[in-house]
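Take a look at the structure set out below.
Just so you know, these numbers use all the heavy atoms, side chains as well, and skip hydrogens, waters and symmetry mates.
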Amino acid sequence: MTRIKRGYIARRRRTKIRLFASSFRGARSRLTRTITQQKIRALVSAHQDRGRQKRDFRRLWITRINAVIRANKLYYSYSKLIHHLYKRQLLLNRKILAQIAILNRNCLYMISNEILK
């Protein structure tokens, strides 16, 4: 009987997984079973952190807008500014407002004066 050699497909799959985990430390980059567990865990964490990143940036933008507003007595609070923005139908999101607040405060003052009219 002739000898049957194993195929290359399983080896190719394992090397692909190993390349993913090449930067991990210890057995997490050497043992196939541990590598697959760590890969799943890493991808789950990446998915969770994408949502967390969105929350963190929104909090940062709100903090920046609030700091500029309270420092210059434009409004008493961030929530009142946002309320009046929606009332006047000025559609500026928090990211743009935060950039305006940091880079060009005079523009933010103009926007707030437009709302107060």
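- When all heavy atoms of Arg30 and Arg18 are compared, the closest pair comes out as O-NH2, 3.0 Å.
- Heavy atoms from other residues, nucleotides or ligands lying under 6.0 Å from CZ of Arg88 number more than 12.
- Atom CG of Leu90 sits about 11.0 Å away from atom OG of Ser112, to the nearest 0.5 Å.
- Looking at Ser29, its side chain never comes within 3.5 Å of a backbone N or O of Arg25 through a donor-acceptor pair.
- Between Phe20 and Phe24, the angle of the ring planes goes over 60°, which puts this pair in the perpendicular group of the 30/60° scheme.
- Applying the side-chain hydrogen bond (donor to acceptor under 3.5 Å, both in side chains) criterion to Ser79, with sequence neighbours excluded, gives Ser77.
- Ile62 and Leu92 fall within the same hydrophobic cluster, defined by Ile, Leu, Val, Met, Phe, Trp and Tyr side-chain heavy atoms under 4.5 Å apart, directly or through other members.
- Note: Arg13 CZ to Thr32 OG1 = 9.0 Å, rounded to the nearest 0.5 Å.
- Note that CG of Leu81 is 4.0 Å distant from CD1 of Ile69, once rounded to the nearest 0.5 Å.
- Remark: Arg28 CZ is loosely packed, at most 12 non-hydrogen atoms of other residues, nucleotides or ligands lying under 6.0 Å away.
- Judged by distance alone, the side chains of Tyr78 and Arg64 never bring a donor and an acceptor atom under 3.5 Å apart.
- Summarising the geometry of Arg3 relative to Lys5, their closest heavy-atom pair is NH2-CD, 3.5 Å, with the distance given to 0.1 Å.
- Heavy-atom minimum distance, Ile100 versus Leu108: CG2-N, 3.6 Å.
- Interatomic distance, NZ of Lys39 versus CG of Leu43, reported as 6.5 Å (0.5 Å rounding).
- The shortest side-chain heavy-atom distance between Ile102 and Val68 does not fall under the 4.5 Å cut-off.
- Checking side-chain atoms of Asp49 against main-chain N and O of Arg52 turns up no donor-acceptor pair under 3.5 Å.
- Under the 4.5 Å side-chain heavy-atom criterion for grouping Ile, Leu, Val, Met, Phe, Trp and Tyr, Leu31 is not connected to Ile17 through any hydrophobic cluster.
- Considering CE of Met110 and CD1 of Ile115, their distance stands at 12.0 Å, rounded to 0.5 Å.
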Criterion side-chain contact (heavy atoms from CB on, under 4.5 Å) on Arg94 and Ile82, from CA distance to verdict
CA-CA 9 Å; Arg94 287 155 183 83; Ile82 294 296; 3.8 Å; yes
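- Both Ile96 and Tyr86 belong to a single network of hydrophobic side chains, linked directly or stepwise wherever heavy atoms of I, L, V, M, F, W or Y lie under 4.5 Å apart.
- By the 4.5 Å heavy-atom criterion applied to side chains, Gln38 and Arg41 are counted as neighbours.
- Note that CD1 of Ile40 and CD1 of Ile35 are 12.5 Å apart. Values are rounded to the nearest 0.5 Å.
- Hydrophobic clustering keeps Leu91 apart from Leu97 (ILVMFWY residues linked when any side-chain heavy atoms are closer than 4.5 Å, directly or through intermediates).
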Evaluate the side-chain contact (heavy atoms from CB on, under 4.5 Å) criterion for residues Lys87 and Gln89: first the C-alpha distance (whole Å), next the side-chain angles of each, then the deciding distance (0.1 Å), finally the verdict.
CA-CA 5 Å; Lys87 236 165 104 175; Gln89 294 180 343; over 6 Å; no
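- At a threshold of 4.5 Å between non-hydrogen side-chain atoms, the residues Thr34 and Thr36 do not count as touching.
- The shortest side-chain heavy-atom distance between Arg12 and Arg14 does not fall under the 4.5 Å cut-off.
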